[in-house]
Amino acid sequence: MMEFYKTLDGHITPISQLEDYTWINMVAPTTEERNFIIKELGVEPTFFSSALDEEETPHIDTEDDQTAIIIDIPDRTSDEKGNIEFCTLPLAIIMKGKTLITVCIKDSPIIRDFTNGLIRNTYTQYRTRLIFQIFYRISQTYLAYLKQIDKITDFAEQQLHKSMKNKELFRMMTIEKSLVYFSTSLKANEVTLQKIFRGRLLKLYDDDKDLLEDVLLEVKQAIEMCTIYRDIMGGTMDAYASIISNNLNIVMKVLTSITILMAIPTLVSSFYGMNVSFLPLPVFWFPICISILLVIIVAIILHKKNML
């Protein structure tokens, strides 16, 4: 999918063809769409390869008069059972001449906020500022998703208090994996943003520097939140692993005690089945009384030893 946008009368507006100061938004572009941009604007083909590689790490590439910034953006999905999962995707921002191009393998709500006009003071004529506005929106989305992860973690912990089921443990493992993705991507994004902040790759104005500083602060805050949540999650998982192991030991101890108690009547009956010359009580009640007495005695002993 390929869309053209331009700021007209102070609003982001879709247009039908390529013009000066156009923003081109490409989502999982086809070969024909990529070839069109390469032919019309002379964009380096390797920039598209980097943007469409899910394993691509954040970095900056420059080639003649064009620059490509690859940065990781957060993404939220759901698995087959409806559980929310978080991951990251590469977003390429390419500057060529008077044109700005964004390329991603998936339609992102971050970009949609801009194309739908939800972000104020967005001007395609000011490419650098628009890029930093996208960066700022990305950092805000990271923070918003981290807060959602915190709520999901609290809910999973409440469920684990009620029942130690695999479902809740798998949910905790999924959250921990999401935090690893976020932490790795945020640190790589910070390095890329620091390179931009030095002003060697992009020309920065005073307002742009202030906005980029805000972006870096948001990214650092997100990194700290990730670190805190990962530490809490790691401690929680270790604690619940110990609790589950302890509960298993308790269950096995109780089952062992019950097995011992159930073995007593069998043992008495086995003795009674032998040739016994003298029985002080009626034949039917003698083994029953002996079994009950022994079970009570053994049960008291096991209870005092906290085994029952």
Side-chain angles (χ1 to χ4, degrees), residues 2-15 19-27 47 51 58-62 66-76 88-147 182 185-186 188-223:
M2 182 170 59
E3 303 168 328
F4 301 97
Y5 294 94
K6 188 175 182 179
T7 301
L8 300 174
D9 297 328
H11 301 284
I12 288 287
T13 306
I15 57 177
E19 301 177 4
D20 288 341
Y21 302 110
T22 299
W23 172 20
I24 304 174
N25 180 40
M26 307 180 73
V27 179
F47 290 168
H59 63 277
I60 303 177
D61 285 337
T62 57
Q66 51 189 305
T67 302
I69 304 172
I70 310 295
I71 195 165
D72 283 342
I73 62 175
D75 183 50
R76 181 178 60 185
T88 57
L89 300 172
L91 172 69
I93 303 176
I94 305 170
M95 290 182 293
K96 170 65 176 178
K98 298 179 180 179
T99 306
L100 181 68
I101 308 168
T102 55
V103 187
C104 190
I105 59 179
K106 183 179 178 181
D107 195 11
S108 172
I110 297 173
I111 301 299
R112 283 292 155 221
D113 288 344
F114 286 90
T115 59
N116 293 334
L118 300 179
I119 308 300
R120 297 182 298 174
N121 300 322
T122 301
Y123 299 94
T124 56
Q125 294 88 339
Y126 307 133
R127 297 175 305 156
T128 303
R129 184 167 185 83
L130 177 56
I131 291 173
F132 293 164
Q133 286 177 314
I134 294 175
F135 288 164
Y136 190 74
R137 191 65 177 177
I138 291 172
S139 61
Q140 286 182 323
T141 305
Y142 269 114
L143 291 173
Y145 284 174
L146 284 170
K147 292 178 181 178
F182 276 17
S185 296
L186 283 167
N189 285 351
E190 183 185 22
V191 173
T192 303
L193 293 173
Q194 290 286 1
K195 292 180 179 179
I196 298 174
F197 187 74
R198 296 188 186 103
R200 299 176 183 176
L201 301 174
L202 295 177
K203 184 178 180 180
L204 302 180
Y205 299 96
D206 292 337
D207 291 342
D208 295 337
K209 285 187 177 181
D210 292 339
L211 181 56
L212 187 55
E213 285 181 351
D214 293 338
V215 174
L216 285 169
L217 288 175
E218 295 284 319
V219 170
K220 289 179 180 179
Q221 182 181 353
I223 292 174

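Since the model is a prediction, treat every value here as computed from it, not as a measurement.
Shortest non-hydrogen contact noted between P58 and N189 is CG-OD1, 3.2 Å. R137 and D113 make their closest contact through NH2-OD2, 2.8 Å (heavy atoms, listed as atom of the first residue, atom of the second, distance). In this structure, L146 and A222 approach most closely via the heavy-atom pair CD1-O, 3.5 Å. Among all heavy-atom pairs drawn from C104 and I73, the shortest one is SG-CD1, 4.0 Å. Nearest heavy atom pair, residue E190 against residue I223, reads OE1-CD1, 3.3 Å. R127 approaches G97 most closely through the heavy-atom pair NH1-O, 2.6 Å.
Atom-to-atom distance recorded for I196:CD1 and F132:CZ is 6.0 Å, nearest 0.5 angstrom. How far CG of D72 is from CG of L89: 8.0 Å, rounded to the nearest 0.5 Å. Atoms CZ and CG, from R112 and D107 in turn, are 4.0 Å apart once rounded to the nearest 0.5 Å. Atom CD of Q125 is separated from atom OH of Y21 by 8.0 Å, given to the nearest 0.5 angstrom. Atom-to-atom distance recorded for T141:OG1 and I110:CD1 is 4.0 Å, nearest 0.5 angstrom. Considering OH of Y123 and CG of L130, their distance stands at 12.0 Å, rounded to 0.5 Å.
A 4.5 Å side-chain heavy-atom check between S139 and V219 finds at least one atom pair inside the cut-off. With a 4.5 Å cut-off on side-chain heavy atoms, L193 and F197 do not count as touching. Looking at M26 and I24, their side chains come closer than 4.5 Å, going by heavy atoms from C-beta outward. Annotation: side chain of I71 is not in contact with side chain of S185 (no heavy-atom distance under 4.5 Å). Proximity of F47 to T67: side-chain heavy atoms (C-beta onward) are nowhere separated by under 4.5 Å. Contact of the S108 side chain with the L91 side chain is not registered, since no non-hydrogen atoms from C-beta on lie closer than 4.5 Å. Using a 4.5 Å heavy-atom threshold, the side chains of I93 and L100 count as touching. A heavy-atom distance below 4.5 Å is found between the side chains of I111 and W23.
Other residues, nucleotides and ligands place more than 12 heavy atoms under 6.0 Å from the CZ atom of F4. Counting non-hydrogen atoms of other residues, nucleotides and ligands closer than 6.0 Å to NZ of K106 gives a total above 12.
Using a 30° and 60° split on the angle between ring planes, Y145 and F182 fall in the parallel class, below 30°.
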Is there a side-chain contact (heavy atoms from CB on, under 4.5 Å) between I94 and V103? Walk through the geometry before answering.
CA-CA 8 Å; I94 305 170; V103 187; 4.3 Å; yes
Should R129 and N121 be marked as a side-chain contact (heavy atoms from CB on, under 4.5 Å) after you check the CA-CA gap, both sets of side-chain angles, and the distance that decides it?
CA-CA 10 Å; R129 184 167 185 83; N121 300 322; 5.9 Å; no
side-chain contact (heavy atoms from CB on, under 4.5 Å) between Y126 and T128, worked out:
CA-CA 6 Å; Y126 307 133; T128 303; over 6 Å; no
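A side-chain contact (heavy atoms from CB on, under 4.5 Å) with F114 is found for one member of T102, I12, T124, I119 and no other, namely I119.
Using a distance-only test at 3.5 Å, with no hydrogens or angles considered, no donor-acceptor pair links the side chain of N25 to the main chain of M2. Between the side chain of T22 and the backbone N or O of T99, no donor-acceptor pair lies under 3.5 Å.
With sequence neighbours left out, L8 forms a side-chain contact (heavy atoms from CB on, under 4.5 Å) with K6, T13, I15.
Side chains of Y5 and E3: a donor-acceptor N/O pair is present below 3.5 angstrom, by distance only.
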